[in-house]
Amino acid sequence: DADIITKLASPNGDQTFSRFIKELMLYYVVTGNAFIDVNNMSSSCELILLKPQNITLSDVNLNGKANTIYYSSNGSNSQVYQEFIYNSTSKNYQSKDGVHILLHFKNNNLTTIDTQLGVSLLMSAQLEISQYITASVHNNATIKNGCRPSLLFLIKNALTGDQIQGVKDTMQQIAGASNSGKPFAL
């Protein structure tokens with residue numbers, strides 16, 4: 001349809017098609033969700049992207065479907081810009097006046113109980129990113145601390161229970177990646 005192609009060339013007054021799609025994909029990849037407010041107020045509709053972090057689900061049914069979705073300034077219901085109510089006949093979310101329709105694109109969410117919202121595509125890389133950061137902290141601390149050996153124990157006589165506990169307490173205080181390579185003395 002030529003009207004759809006014309007509408008996508010300029011989805012709203014602020015964005016080109018390219019910028020609209022980039023922002024849509026950014027929200028989808030980072031949060032696992034993309035929300036589009038389809039505004040049918042005038043003869044030609046507007047497509048407005050809504051920030052996923054400002055979406056609040058309310059009145060969730062036992063089947064996990066929210067009856068109401070709020071779009072607000074900060075993700076709480078303090079200053080609601082738009083309220084979308086689930087219409088069971090049309091199977092979509094609409095504003096009370098029926099002028100706005102909410103489209104929700106979400107990534108599969110197999111990791112949590114909340115299936116109403118998607119999960120970020122970056123979630124699968126979370127462990128690898130965390131390990132990389134921890135290794136970087138360790139390596140940087142080793143270089144910063146002079147790459148010296150951390151500890152050397154030479155014991156001629158057996159240690160008492162209090163001495164062993166003292167060594168354990170001291171070791172816990174200096175443990176960690178940021179203390180790697182730091183000299184230690186008893």
Side-chain angles (χ1 to χ4, degrees), residues 11-12 14-37 47-58 60 64 66 69-82 102-186:
N12 56 56
D14 296 329
Q15 293 178 312
T16 64
F17 173 74
S18 164
R19 189 165 160 214
F20 180 83
I21 294 298
K22 284 178 186 175
E23 193 171 334
L24 175 81
M25 292 310 300
L26 176 71
Y27 288 149
Y28 184 77
V29 169
V30 173
T31 69
N33 299 281
F35 294 92
I36 301 174
D37 177 4
L47 304 176
I48 302 166
L49 284 171
L50 304 180
K51 294 180 180 178
Q53 64 267 28
N54 293 351
I55 295 287
T56 305
L57 304 177
S58 180
V60 179
I69 296 178
Y70 296 102
Y71 181 67
S72 59
S73 59
N74 59 1
S76 69
N77 294 343
S78 61
Q79 184 178 355
V80 175
Y81 292 133
Q82 195 61 258
L102 181 69
L103 301 178
H104 180 201
F105 300 94
K106 69 175 187 161
N107 190 22
N108 288 336
N109 187 350
L110 303 175
T111 59
T112 65
I113 295 171
D114 179 15
T115 57
Q116 184 72 27
L117 293 173
V119 69
S120 171
L121 293 172
L122 303 175
M123 186 64 83
S124 59
Q126 180 183 8
L127 177 62
E128 287 77 11
I129 292 169
S130 176
Q131 287 175 340
Y132 172 79
I133 290 170
T134 303
S136 293
V137 168
H138 175 270
N139 293 339
N140 288 335
T142 301
I143 293 168
K144 177 183 151 197
N145 294 328
C147 299
R148 287 170 253 152
S150 315
L151 178 64
L152 174 64
F153 275 116
L154 294 174
I155 302 173
K156 292 183 181 180
N157 299 325
L159 297 175
T160 66
D162 288 340
Q163 290 173 325
I164 292 172
Q165 188 59 43
V167 170
K168 285 182 182 178
D169 292 343
T170 303
M171 293 299 293
Q172 287 178 349
Q173 290 175 357
I174 66 159
S178 62
N179 289 321
S180 176
K182 219 177 229 185
F184 173 71
L186 284 176

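Position 1 is the first residue of the sequence, and the numbers go up from there.
Within a 6.0 Å sphere centred on CD of Gln126, heavy atoms belonging to other residues, nucleotides or ligands number 12 at most. Counting heavy-atom neighbours within 6.0 Å of Asp169 CG, excluding the residue itself, gives a total above 12.
Checked by atom type and distance alone, the side chain of Ser120 pairs as donor or acceptor with a backbone atom of Val29 at under 3.5 Å. Using a distance-only test at 3.5 Å, with no hydrogens or angles considered, a donor-acceptor pair links the side chain of Asn12 to the main chain of Leu47.
Taken to the nearest 0.5 Å, the CD atom of Gln53 stands 10.0 Å off from the OG atom of Ser72. Rounding to the nearest 0.5 Å places CD1 of Ile69 at 10.0 Å from CG of Leu50. Leu122 contributes atom CG, which lies 10.0 Å from atom CG of Asn107 (distance to the nearest 0.5 angstrom).
Inter-residue side-chain proximity for Ile36 and Leu49 is flagged as met; some heavy-atom pair is nearer than 4.5 Å. With contacts defined as side-chain heavy-atom distances shorter than 4.5 Å, the pair Tyr28/Leu121 qualifies. Tyr71 has its side chain out of reach of Thr56: every pair of non-hydrogen atoms, C-beta onward, lies at least 4.5 Å apart.
Of all non-hydrogen atoms in Ala66 and Ser58, the two that sit nearest each other are CB-O, 3.7 Å.
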N/O donor-acceptor pairs under 3.5 Å from side chains in residues 18-25, not counting sequence neighbours:
residue, atom, partner, partner atom, Å
Arg19, NH1, Asp14, O, 3.2
Glu23, OE1, Gln15, NE2, 2.6
Glu23, OE2, Tyr27, OH, 3.0

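Under the rule for a side chain to side chain contact (heavy atoms under 4.5 Å, CB included), the partners of Asn33 that lie at least two apart in sequence or sit in another chain are Thr31, Phe35, Pro52, His104, Lys106, Leu117.
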